[in-house]
Enquirer: 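One structure, pasted below without further comment.
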Amino acid sequence: MTQEFLTTVFGWMTVLNIAVLLFSTLMILIMLDWIAGIHGRMFQMERADVKKAYFRYLANYKILIIVFCLMPWLALHLA
């Protein structure tokens, strides 16, 4: 594997994961009450707890994208 290939792979990985993050964020914002009701019933949670879980999910996913996709791409791109 060449450095150019790895740079391309990490670049596309970053783009795809950011697209998934944006899609998830938009769906949560648009359908928050409806989807929180469904997930609350599925997992026997209060809506406030479900909303906190959504926020935690988005925050953790963003951190994982930065650490495992964006930083390796940036390091390879600058090398």
Side-chain angles (χ1 to χ4, degrees):
M1 283 193 216
T2 65
Q3 182 177 348
E4 295 162 0
F5 175 74
L6 286 174
T7 303
T8 303
V9 168
F10 279 109
W12 280 111
M13 229 168 59
T14 303
V15 168
L16 292 174
N17 277 296
I18 288 174
V20 169
L21 178 66
L22 289 174
F23 179 75
S24 299
T25 303
L26 286 174
M27 290 299 106
I28 288 173
L29 288 174
I30 292 170
M31 301 185 292
L32 181 62
D33 291 327
W34 179 69
I35 198 123
I38 291 173
H39 287 142
R41 287 190 304 271
M42 283 174 60
F43 301 111
Q44 289 83 37
M45 296 172 65
E46 297 294 324
R47 284 188 185 211
D49 294 333
V50 173
K51 291 177 183 180
K52 287 179 189 176
Y54 290 154
F55 182 74
R56 194 175 314 117
Y57 155 73
L58 292 173
N60 288 337
Y61 191 49
K62 180 174 62 173
I63 291 169
L64 289 171
I65 291 170
I66 291 169
V67 170
F68 290 110
C69 297
L70 184 62
M71 287 300 120
W73 173 81
L74 190 59
L76 286 167
H77 193 67
L78 294 176

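Counting from 1, the numbers follow the sequence of the chain as shown. Keep in mind that the numbers below use all heavy atoms, side chains included, and drop hydrogens, waters and symmetry copies.
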Enquirer: Is Val67 reachable from Val15 through a run of hydrophobic residues whose side-chain heavy atoms are each under 4.5 Å from the next?
Expert: no
Enquirer: How long is the span from the CG atom in Leu6 to the CE atom in Met13, to the nearest 0.5 Å?
Expert: 10.0 Å
Enquirer: Please list every donor-acceptor pair under 3.5 Å in which a side-chain atom of residues 55-65 meets a protein atom from a residue at least two apart or in another chain.
Expert:
from: Tyr57; atom 1: OH; to: Ser24; atom 2: OG; distance (Å): 3.3
from: Asn60; atom 1: ND2; to: Arg56; atom 2: O; distance (Å): 3.3
from: Tyr61; atom 1: OH; to: Asn17; atom 2: OD1; distance (Å): 2.7

Enquirer: How far does CD1 of Ile35 sit from CG of Leu29, to the nearest 0.5 angstrom?
Expert: 12.0 Å
Enquirer: I'd like to know if Trp73 and Trp12 are part of one continuous hydrophobic network [Ile/Leu/Val/Met/Phe/Trp/Tyr, side-chain heavy atoms within less than 4.5 Å].
Expert: no
Enquirer: When rounded to the nearest 0.5 angstrom, what is the spacing between CG in Leu22 and CE in Met27?
Expert: 11.0 Å
Enquirer: Do Val9 and Met71 belong together in a cluster built from hydrophobic side chains that touch within less than 4.5 Å?
Expert: yes
Enquirer: Is it true that Leu32 and Trp34 fall in one hydrophobic cluster, defined by side-chain heavy atoms closer than 4.5 Å?
Expert: yes
Enquirer: Would a single hydrophobic cluster contain both Phe23 and Ile66, if residues Ile, Leu, Val, Met, Phe, Trp and Tyr are joined by side-chain heavy-atom contacts under 4.5 Å?
Expert: no
Enquirer: What distance do Leu16 atom CG and Leu21 atom CG have between them, rounded to the nearest 0.5 Å?
Expert: 12.5 Å
Enquirer: Can you name the side chain to side chain contact (heavy atoms under 4.5 Å, CB included) partners of Gln3, sequence neighbours left out?
Expert: Thr7, Leu76, Ala79
Enquirer: Check Phe10 against Phe68 and note the closest heavy-atom contact, atom names and distance.
Expert: CE2-O, 3.6 Å
Enquirer: Excluding sequence neighbours, so at least two apart, what forms side chain to side chain contact (heavy atoms under 4.5 Å, CB included) with Asp33?
Expert: Arg47, Lys51
